[in-house]
Amino acid sequence: MALNLYNSLTRRKEEFEPLNKGRVGIYVCGPTVYGHAHLGHAKSYVSFDILTRYMRYLGYEVTYVQNITDVGHLTDDADEGEDKIATAAKKENKHPMALAEYYTRSYFEDMDKLNCFRPDISPRASGHILEQIGMVTTLLKKGYAYEANGSVYFDVSKFENYGKLSGRNIDEMIAGARVEVSPDKKNPADFALWKKAERNHIMQWPSPWGMGYPGWHLECSVMSTKYLGKTIDIHGGGLENQFPHHDCEIAQSEATNDLQFVRYWLHNNMVTVDGQKMGKSLNNFITLKQAFSGTHERLTKSYDPLAVRQLILNSHYRSPLDFSDAALFAAQSGYGKITETVKALRKRMEIASTGSIDEEIVEQLKQMREKFEAGMNDDLNTSVGLSVMFELVRLAQSLLEDSRTTKETLNLLDVLFDRLGGDVLGIVKEDYQQDATADEGLTDKLVNILIEQRKDARTNKDFALADQLRNTLDDMGIVLEDKPDMTTWRMK
RNA sequence: GGCGGCGUAGCCAAGUGGCCUAAGGCGACGGUUUGCAAAACCGUUAUUCGCCGGUUCGAAUCCGGCCGCCGCCUCCA
């Protein structure tokens with residue numbers, strides 16, 4: 001079975017076929033870096049991280065491009081607002097580029113924690129001004145754009161299917177227009193390609209139309225074309241960007257190149273917090289840093305970044321996801337179960353005896369892999385993929401109960417955890433040692449001394465002392481686990 | 001106003017015409033194990049998929065109506 005993806009353009013699931021055999025170009029709308037990344041970013045970028053990971057798993061050579069918007073994104077889409085970066089820079093008293101740099105780093109830091117692979121290319125809008133001017137020039141030359149008072153606008157009436165992605169037509173939009181229309185525009189739906197800069201505007205560049213800066217929609221068209229070609233396989237982004245952003249991209253790009261811009265449009269759904277849309281004006285805006293540290297009044301504790309990732313994978317990328325403390329808590333428990341199982345499995349592999357492989361297990365694992373792939377092939381159903389991980393957990397635990405399980409059999413499970421849980425889902429780590437503090441060796445020795453003391457106490461039926469030792473360690477966050485032949489410990 | 005989505009167990013969530021007497025997780029309860037626990041394992045937890053009607057040999061899945069919730073079009077991915 002081949003990979004099927006829901007294409008927003010056709011509103012259907014379609015079998016994915018790349019333009020060039022074996023290679024895929026993916027462009028995803030990146031963040032506007034004027035604040036720390038929040039839960040909404042997490043859902044979007046984890047979703048597209050899964051897409052690229054799974055395509056690589058299938059053997060495609062993927063080029064993943066995700067822009068950084070550091071100029072031109074205005075505070076409203078009527079093209080009359082202020083530049084978001086400039087506004088935030090003024091507030092934080094920083095140079096706009098310093099602000100953008102600061103939040104770009106913050107963004108990557110958070111995405112690294114969520115175990116999202118870095119894009120192959122992270123182009124900045126401000127680094128592609130020349131190319132953007134080039135596209136505006138072409139559009140003017142071809143009659144799709146007009147200059148007015150130092151700004152250049154795209155004339156939507158010249159582009160036949162404007163709004164085809166979001167299913168809108170121009171007349172409806174004019175009727176529903178809620179924002180003031182610039183007097184420079186011929187048509188209220190026209191959008192800015194290039195904006196004239198006022199003299200005090202910090203970010204501005206020389207252009208054939210005077211000093212100014214590019215319109216927000218332009219950067220994605222220009223940078224995707226530059227790095228992936230005039231027609232790209234996949235373009236992803238949040239549902240809220242479908243209109244106007246993506247429809248504008250289509251109009252600009254297709255008017256410029258006379259070729260289909262994007263073959264598969266993918267849109268992830270939005271997040272809510274405690275059942276309501278997340279907004280800065282409501283009191284439920286949670287950044288990733290707050291979630292990871294538990295410093296938000298809606299959260300009762302801190303959450304492991306990978307537990308956040310797992311919660312995202314628990315539902316479909318095209319479904320809305322409600323973040324709540326309870327949901328995060330449940331994900332944290334489930335994530336812990338998978339992690340502990342993988343750790344136990346690997347520890348056991350070190351001491352398990354070698355021997356034959358259980359053929360029945362081989363067959364079970366084969367079926368699990370098939371179920372996993374069938375789910376992922378069906379428009380990236382990570383919920384099914386995750387359910388396979390828990391089936392694998394149950395199988396692993398039952399095999400760990402049996403002391404006769406061979407190293408070879410355990411290794412088969414470990415491979416599946418690595419490939420499906422690690423490579424594709426990104427919730428199983430290659431190595432958990434790094435999590436531990438530097439003095440783990442010392443801690444291990446000290447705890448083992450106490451475990452020995454407790455063992456002696458238990459042998460002597462001095463349970464009061466045995467329990468005291470266990471409780472003291474528990475208070476320090478160290479949990480003892482009594483196994484038939486030995487006692488092990490782990491951090492809570 | 002325009003466009004779109006959703007309503008499945010206490011909670012989260014897959015499934016969208018027969019393999020569904022409905023995955024998986026969290027939680028809860030019972031058992032095994034244990035000196036007692038924890039962890040782990042086994043089992044139980046929706047005869048039913050918002051409500052009503054229709055199509056069909058057959059519907060959670062299709063159609064119509066009703067009720068409820070949410071999102072985008074504005075801050076925002």
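First the proteins, then the strands, lettered A, B, ... as listed; each starts at 1.
- Between the side chains of A:Thr409 and A:Asp358, no donor-acceptor pair is found at a separation under 3.5 Å.
- Straight-line distance between the C1' atoms of B:A60 and B:G2: roughly 31 Å, to the nearest whole Å.
- Taking atom P on both nucleotides, B:A14 is separated from B:G5 by 16 Å, rounded to a whole Å.
- When rounded to the nearest whole Å, the span between CG of A:Leu469 and P of B:A38 equals 19 Å.
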Completion exercise
In 5'-to-3' order, the base (B), backbone-only (S) or no-contact (-) status of each nucleotide in nucleotides 4-15 of chain B, using a 4.0 angstrom heavy-atom cut-off, is S-------BSSS

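- Listed in residue order, the members of residues 397-405 of chain A having a heavy atom less than 4.0 Å from RNA chain B are A:Gln397, A:Glu401.
- Taking atom P in both B:G68 and B:C20, the straight-line distance is 35 Å, to the nearest Å.
- Ring-plane geometry between A:His217 and A:Phe191 is classed as perpendicular, the angle between the planes exceeding 60 degrees on a 0 to 90 degree scale with a lower cut at 30.
- Looking at A:Tyr27 and A:Asn67, their side chains do bring a donor and an acceptor atom within 3.5 Å of each other.
- At the heavy-atom level, A:Val388 lies nowhere under 4.0 Å from the strands shown.
- Rounded to an integer number of Å, the gap from NZ of A:Lys455 to P of B:C36 is 19 Å.
- With both ends at atom P, the span from B:U48 to B:U8 equals 16 Å, rounded to whole Å.
- Taking atom C1' in both B:G43 and B:G58, one finds a spacing of 33 Å when rounded to whole Å.
- Taking the charged nitrogens against the carboxylate oxygens, A:Asp414 and A:Lys407 have no contact shorter than 4.0 Å, which rules out a salt bridge.
- Distances shorter than 4.0 Å separate some side-chain N or O of A:Lys277 from OP1 or OP2 on B:C72.
- Here, B:U21 and B:U45 have their P atoms 16 Å apart, quoted to the whole Å.
- Contact check, A:Arg490 against B:A38: no side-chain N or O comes under 4.0 Å of OP1 or OP2.
- Nearer the 5' end of RNA chain B, as judged by each residue's closest nucleotide, is the contact made by A:Ala466, out of A:Lys483 and A:Ala466.
- Between B:G17 and B:U61, the distance separating the two C1' atoms is 6 Å to the nearest Å.
- Within 4.0 Å (heavy atoms only), A:Lys337 reaches sugar-phosphate atoms of the nucleic acid but no base atom.
- Taking the charged nitrogens against the carboxylate oxygens, A:Asp112 and A:Arg118 do have a contact shorter than 4.0 Å, which makes a salt bridge.
- Among the nucleotides B:G24, B:A77, B:C36, the one closest to any side-chain atom of A:Glu391 is B:G24.
- For the side-chain contact (heavy atoms from CB on, under 4.5 Å) test with A:Phe323, the passing option among A:Asp274, A:Val271, A:Thr272 is A:Val271; the others fail.
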Provide a list of protein-nucleic acid N or O atom pairs under 3.5 angstrom, restricted to nucleotides 30-34 of chain B.
none

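- Two residues are said to be in side-chain contact when any heavy atoms from C-beta on lie closer than 4.5 Å; A:Leu266 and A:His235 fail this criterion.
- Distance from the side chain of A:Asp467 is smallest for B:C36 among the nucleotides B:C26, B:A77, B:C36.
- Using N1 to N3 plus N6-O4 or O6-N4 for Watson-Crick, or N1-O2 and O6-N3 for G-U wobble, each under 3.5 Å, B:G68 pairs with B:C6.
- Of the possible donor and acceptor atoms, none in the side chain of A:Ser106 sits under 3.5 Å from a partner among the backbone N and O of A:Tyr102.
- Across the protein-nucleic acid pair, A:Asp325 atom CG and B:C26 atom C1' stand 13 Å apart, rounded to whole Å.
- Between the CG atom of A:Asp247 and the C1' atom of B:G2 there is a distance of 14 Å, rounded to whole Å.
- Contacts classified as salt bridge (charged side-chain N to carboxylate O under 4.0 Å, His left out) and involving residues 232-243 of chain A (residues at least two apart or in different chains) are given here: A:Asp233-A:Arg263.
- Listed in residue order, the members of residues 101-115 of chain A having a heavy atom less than 4.0 Å from RNA chain B come to none.
- Applying the salt bridge (charged side-chain N to carboxylate O under 4.0 Å, His left out) rule to pairs touching residues 304-325 of chain A yields A:Asp49-A:Arg309, A:Arg318-A:Asp379, sequence neighbours excluded.
- Atom P of nucleotide B:G25 and atom CG of A:Leu425 are separated by 15 Å, given to the nearest angstrom.
- Between the side chain of A:Arg470 and the base of B:A38 there is no donor-acceptor pair of N/O atoms closer than 3.5 Å.
- Ring stacking is absent between A:Phe390 and B:G24, as the pair misses the limits of under 5.5 Å between centres and under 30 degrees between planes.
- Using a 4.0 Å cut-off between charged nitrogen and carboxylate oxygen, A:Arg470 and A:Asp467 count as a salt-bridge pair.
- Of the inter-residue distances, the one linking A:Asn241 atom CG with A:Trp216 atom CH2 reads 4.0 Å to the nearest 0.5 angstrom.
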